[in-house]
Novice: 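Let me begin by handing over the structure; questions about it come next.
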Amino acid sequence: MAKKSIGMDYALMSGGDVGPLGNDAVTQFHTLIRWARFSNKEVLLCIDEAVFFLGDRSNISMSETAHNSLNALLYNTGTEMTDFMMILATNRAEDLDPAALDRCDESLLFPLPDSASTLQNLFLTQDPFQATVEDEVMNTEGLNT
């Protein structure tokens, strides 16, 4: 989306992709950052489910891969830069490492939608099962997590 609309390069990754990379995760992350820094265009890095590798280091269940990847991010973002912009997305911001949070200039909260908004989103593309879906959505009020 960013590339087509405003001429930026971008990369999307999921924090959940870090674990399967194992010992190669840190090298891959450094490679991604190097690409972002030396791109001829502005770069947007989007990390969804960021808590999977940017979780709080005080959590004793944090894997070695996640810990090393967090350190790689902290190493590469320790000073103010204009090379690239990074977006961290999570539904558990309170579980992010304080040092990772310190790297964020802005924080935006997108609250869960109410039933009416959920229905509106579902019906953006008309579905033949509209009545059934509507009943089900009304039964989930307050259950979104």
Side-chain angles (χ1 to χ4, degrees), residues 1-129 132-133 136-137 139-145:
M1 181 170 87
K3 190 173 190 175
K4 289 183 179 180
S5 64
I6 57 175
M8 294 177 81
D9 281 339
Y10 63 93
L12 306 172
M13 70 172 277
S14 172
D17 293 338
V18 171
L21 289 172
N23 293 335
D24 198 34
V26 171
T27 301
Q28 292 297 323
F29 192 75
H30 282 296
T31 301
L32 177 64
I33 297 295
R34 195 172 320 113
W35 166 77
R37 282 210 166 132
F38 295 107
S39 173
N40 291 329
K41 296 181 179 181
E42 294 176 325
V43 174
L44 175 66
L45 298 178
C46 298
I47 303 173
D48 192 19
E49 299 295 340
V51 75
F52 283 109
F53 83 103
L54 301 178
D56 194 333
R57 287 173 283 181
S58 66
N59 183 345
I60 59 172
S61 65
M62 183 180 214
S63 72
E64 182 179 353
T65 297
H67 189 267
N68 292 341
S69 298
L70 168 62
N71 285 339
L73 176 121
L74 297 177
Y75 171 80
N76 283 289
T77 58
T79 60
E80 187 175 321
M81 3 176 206
T82 58
D83 305 308
F84 63 91
M85 179 181 2
M86 186 167 48
I87 295 174
L88 306 177
T90 182
N91 59 356
R92 295 179 14 219
E94 67 277 3
D95 292 338
L96 290 173
D97 189 84
L101 286 172
D102 188 54
R103 303 303 201 264
C104 299
D105 293 330
E106 302 290 334
S107 175
L108 301 173
L109 173 65
F110 295 94
L112 294 171
D114 59 14
S115 294
S117 298
T118 302
L119 278 174
Q120 184 179 6
N121 290 336
L122 284 172
F123 299 136
L124 288 175
T125 58
Q126 289 298 314
D127 190 307
F129 306 105
T132 303
V133 171
E136 290 302 315
V137 169
N139 291 331
T140 63
E141 180 73 29
L143 296 179
N144 290 332
T145 58

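What you are looking at is a predicted structure, and each value in this text was computed from that prediction instead of being measured. These numbers come from the heavy atoms of this one structure, side chains and all, not from hydrogens, waters or symmetry mates.
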Novice: Are the side chain of Arg57 and the backbone of Asp97 linked by a donor-acceptor contact shorter than 3.5 Å?
Specialist: no
Novice: Go through it in stages, so that I can follow the logic: the residues are Lys41 and Met8, the test is side-chain contact (heavy atoms from CB on, under 4.5 Å), and I'd like the CA-CA distance, side-chain angles, deciding distance and then a yes or no.
Specialist: CA-CA 6 Å; Lys41 296 181 179 181; Met8 294 177 81; 6.0 Å; no
Novice: Could you go step by step and tell me if Ile33 and Thr31 meet the side-chain contact (heavy atoms from CB on, under 4.5 Å) rule?
Specialist: CA-CA 5 Å; Ile33 297 295; Thr31 301; over 6 Å; no
Novice: So does Glu64 have more than 12 non-hydrogen atoms from other groups sitting under 6.0 Å from CD?
Specialist: no
Novice: With side-chain contact (heavy atoms from CB on, under 4.5 Å) as the criterion, how do Met85 and Leu45 come out once you've worked through the C-alpha distance, each side chain's angles and the decisive distance to 0.1 Å?
Specialist: CA-CA 6 Å; Met85 179 181 2; Leu45 298 178; over 6 Å; no
Novice: Could you measure the distance from the OG atom of Ser14 to the CD1 atom of Ile47? Nearest 0.5 Å is fine.
Specialist: 10.0 Å
Novice: Measure across Asp56 and Met62 and return the closest heavy-atom pair with its distance rounded to 0.1 Å.
Specialist: O-SD, 4.1 Å
Novice: Quick one: pull up NE2 in His67 and CG in Leu54 and give me the separation to the nearest 0.5 Å.
Specialist: 12.0 Å
Novice: Test of understanding: with salt bridge (Lys or Arg N to Asp or Glu O under 4.0 Å), list the residues that count as partners of Asp48, not counting sequence neighbours.
Specialist: none
Novice: Working to the nearest 0.5 Å, report the span between CE of Met13 and CZ of Phe53.
Specialist: 4.0 Å
Novice: Taking all non-hydrogen atoms of both residues into account, name the closest pair between Leu70 and Gly55 and its distance.
Specialist: CD2-O, 3.6 Å
Novice: Keeping the roles fixed (side chain from Asp102, backbone from Pro98), state whether a donor-acceptor pair exists under 3.5 Å.
Specialist: no
Novice: Does Arg37 reach the main-chain N or O of Leu32 with its side chain, forming a donor-acceptor pair under 3.5 Å?
Specialist: no
Novice: To the nearest 0.5 angstrom, please state how far the CG atom of Leu112 sits from the OG atom of Ser117.
Specialist: 11.0 Å
Novice: Heavy atoms only: give me the nearest Pro113-Thr118 pair and the separation to one decimal.
Specialist: CG-OG1, 3.6 Å
Novice: Taking all non-hydrogen atoms of both residues into account, name the closest pair between Ser39 and Val43 and its distance.
Specialist: CB-CG2, 3.4 Å
Novice: In sequence, state the C-alpha distance, the side-chain angles, and the governing distance for His30 and Tyr75, and then conclude on side-chain contact (heavy atoms from CB on, under 4.5 Å).
Specialist: CA-CA 10 Å; His30 282 296; Tyr75 171 80; 3.9 Å; yes
Novice: To the nearest 0.5 Å, what is the distance between CG (Leu44) and CE (Met86)?
Specialist: 10.5 Å
Novice: Using modelled atom types only, decide if a donor and an acceptor are shared between the side chain of Ser69 and the backbone of Thr65 within a distance under 3.5 Å.
Specialist: yes
Novice: Taking all atoms of both residues into account, what is the closest heavy-atom pair of Ala11 and Trp35, and its distance?
Specialist: CB-CZ3, 3.8 Å
Novice: Can you give me the closest heavy-atom contact between Gly16 and Pro20, atom names plus distance?
Specialist: O-CD, 3.2 Å
